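Keep in mind that what you see is a predicted model, and the values were worked out from it rather than measured.
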Amino acid sequence: MSRRVRKEGFVLVCVLWVLAILTVVTVGFGYRAMLDRRAAAYSLDHSQALLMARAAVQRGIVELRNKVFNDALSEDEESKGSTHLGQPWAQFKDLLGESKYFEYTENFEEDYVAYIIEDEDRRIDVNSADKPVLEAMEGLSRSAVRKIWTRRTKGVHDGEGKAPFQAIEELRYMRAVKDDDWFGKAHQPGLKYITTVYGDGRINLNTASEAVLLSLPDMDAGVVRDIIHFRAGPDGELATGDDQGFGSYEQIADELRISDDTLNTIRKYCKVSSHFFKITGVATRRGGKIRAACSAVVAVNTNRATIINWQEEPLGS
């Protein structure tokens, strides 16, 4: 083979290697560009979902402010200011599918934007409940009650002052609280479902669960059943639009025909209105593959609704 032929063959091989390397580099850059494009699209969709979730929470705040306004205008003095699950605030709202709150496009066909409002006064507030209430709860041992009471009255460490719970999860990680106490077991409700860190020490009789009402000291099980039956309304089912609530202690006595002792127990531990609510907004994109949520705890008084806690988080994809 001549030297010229060998040289041309070597050049050809070099050219082929250069082409192969350039092909690999080009494919790599193309793949990287595709990944960057997907990441940018994901970030955009997630940001959009989070903004819609925030908007859902804001819409829930408007609903609570409407409640304050409607209570002020109500002509029914007996139920004026009461809070129960038959009122508009307690109904699940799908802002995309039902209320048309957002501009609807084909890109949202399998997505949803919704909010739900939960009454925090339906649970037992570990920061303000009377000691007999804490002692009557099956999920709290004597040791747990002592620790809670110490935090409320003295503080955890000397010189630091009182240390109220900022989040109910703090209760979960106390040494005196076991998994069965927190999550519950047969015939014993979990603390995570019946406790809160917001409230004034009394439970809303109109929204509390049966488990919460039965956890109160000296509460008769038969009276609790009658309360739930009254609240369920004509259709006999809770959490529907025809739910009803008590407007006063006098109405409670008339409807339930209870003794003075039982009524005094209800007066001591219960009320018929609420001031603390948790609003959770959830929004999705890409048919539910991208989800975002945020929540706010709102304090409602006679003339406004004030945000006292705000949290937001992605729900994964």
Side-chain angles (χ1 to χ4, degrees), residues 82-85 90 118-153 164-165 167-232 238-239 243 245-246 249 252-253 255-256 258-259 261-278 297:
S82 67
T83 304
H84 62 81
L85 298 178
E118 299 174 285
D119 175 16
E120 287 294 304
D121 281 310
R122 78 192 192 280
R123 294 173 171 156
I124 298 171
D125 176 22
V126 295
N127 286 326
S128 61
D130 290 346
K131 196 171 184 179
V133 175
L134 300 178
E135 293 173 337
M137 296 173 64
E138 294 184 13
L140 288 179
S141 64
R142 292 183 179 179
S143 175
V145 173
R146 282 198 303 270
K147 290 179 182 295
I148 293 171
W149 202 252
T150 298
R151 286 188 59 158
R152 287 173 48 176
T153 57
F165 292 87
I168 200 58
E169 287 73 20
E170 293 180 53
L171 182 65
R172 164 70 180 91
Y173 294 108
M174 290 176 58
R175 290 184 179 180
V177 176
K178 300 178 181 179
D179 286 346
D180 285 345
D181 299 327
W182 180 250
F183 294 106
K185 53 187 177 181
H187 308 298
Q188 178 182 314
L191 293 174
K192 69 176 294 186
Y193 303 110
I194 64 174
T195 56
T196 183
V197 296
Y198 304 102
D200 59 9
R202 292 191 296 166
I203 311 302
N204 187 346
L205 193 74
N206 291 327
T207 58
S209 67
E210 183 176 2
V212 169
L213 294 175
L214 290 174
S215 297
L216 299 177
D218 304 319
M219 185 64 77
D220 182 82
V223 173
V224 171
R225 286 194 297 270
D226 291 341
I227 291 171
I228 298 298
H229 177 73
F230 173 83
R231 283 169 37 185
L238 289 172
D243 282 15
F246 299 101
Y249 294 113
I252 294 173
E255 293 287 347
L256 302 181
I258 54 180
S259 66
D261 289 341
T262 302
L263 182 60
N264 288 335
T265 297
I266 292 176
R267 283 181 180 273
K268 184 175 182 180
Y269 299 118
C270 302
K271 57 185 179 179
V272 296
S273 61
S274 296
H275 302 287
F276 294 93
F277 300 84
K278 181 178 181 180
V297 177

Legend entry - Basic-acidic side-chain contact under 4.0 Å: Asp226, Arg231: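 Looking at Arg231 together with Asp226, the answer is no, because their closest N to O distance does not fall below 4.0 Å.
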
Legend entry - Lys/Arg N to Asp/Glu carboxylate O, Lys268 vs Asp130, below 4.0 Å: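 Salt bridge: no.
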
Inset, instruction - For Arg151 and Asn127, indicate whether the former's side chain and the latter's backbone hold a donor-acceptor pair under 3.5 Å. - result: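 Not confirmed, Arg151 side chain does not pair with Asn127 backbone.
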
Just verifying a value: how many Å separate [X] [atom1] and [Y] [atom2], rounded to the nearest 0.5 Å?
| X | Y | atom1 | atom2 | result |
| --- | --- | --- | --- | --- |
| Arg175 | Lys147 | CZ | NZ | 7.5 Å |
| Thr195 | Trp182 | OG1 | CH2 | 5.0 Å |
| Ile227 | His229 | CD1 | NE2 | 12.5 Å |
| Leu214 | Asp220 | CG | CG | 9.5 Å |
| Ser274 | Leu205 | OG | CG | 10.5 Å |
| Ser143 | Met174 | OG | CE | 7.0 Å |

Which heavy-atom pair separates [X] from [Y] by the least distance, and what is that distance?
| X | Y | result |
| --- | --- | --- |
| Gly139 | Leu191 | O-CD1, 3.5 Å |
| Ser215 | Ile194 | OG-CD1, 4.0 Å |
| Ile228 | Ala208 | CD1-O, 4.3 Å |
| Glu118 | Arg122 | OE2-NH2, 3.4 Å |
| Met137 | Ile124 | SD-CD1, 3.8 Å |
| Gly199 | Asp121 | CA-OD1, 3.6 Å |

Under 4.5 Å between any side-chain heavy atoms of [X] and [Y], yes or no?
| X | Y | result |
| --- | --- | --- |
| Lys192 | Ile168 | no |
| Phe183 | Arg172 | yes |
| Leu256 | Phe246 | yes |

Legend entry - Member of Asp119, Leu238, Thr207 meeting the side chain to side chain contact (heavy atoms under 4.5 Å, CB included) criterion with Leu85: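 So the option named by the test is Thr207.
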
Inset, instruction - Please say which of Asp200, Ile203, Thr83 ends up in a side chain to side chain contact (heavy atoms under 4.5 Å, CB included) with Lys271. - result: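 Per the side chain to side chain contact (heavy atoms under 4.5 Å, CB included) rule, the option paired with Lys271 is Asp200, out of Asp200, Ile203, Thr83.
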
Legend entry - Thr265 side chain to Asp218 side chain, donor-acceptor N/O pair below 3.5 angstrom: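 Short answer, no.
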
Legend entry - Arg267, CZ atom: more than 12 neighbouring heavy atoms under 6.0 Å: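 Buried by this count: over 12 neighbours within 6.0 Å.
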
Inset, instruction - Applying side-chain contact (heavy atoms from CB on, under 4.5 Å), name anything that partners Ala144, two or more places apart in sequence or on another chain. - result: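 side-chain contact (heavy atoms from CB on, under 4.5 Å) list for Ala144, sorted by chain: Leu140, Ser141, Ala176, Val177.
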
Inset, instruction - I would like to know whether Met219 and Val224 meet side chain to side chain contact (heavy atoms under 4.5 Å, CB included); could you show each step before the answer? - result: CA-CA 7 Å; Met219 185 64 77; Val224 171; 3.3 Å; yes

Legend entry - Ile148 vs Leu171, side chain to side chain contact (heavy atoms under 4.5 Å, CB included): CA-CA, chis, key distance, verdict: CA-CA 8 Å; Ile148 293 171; Leu171 182 65; 3.7 Å; yes

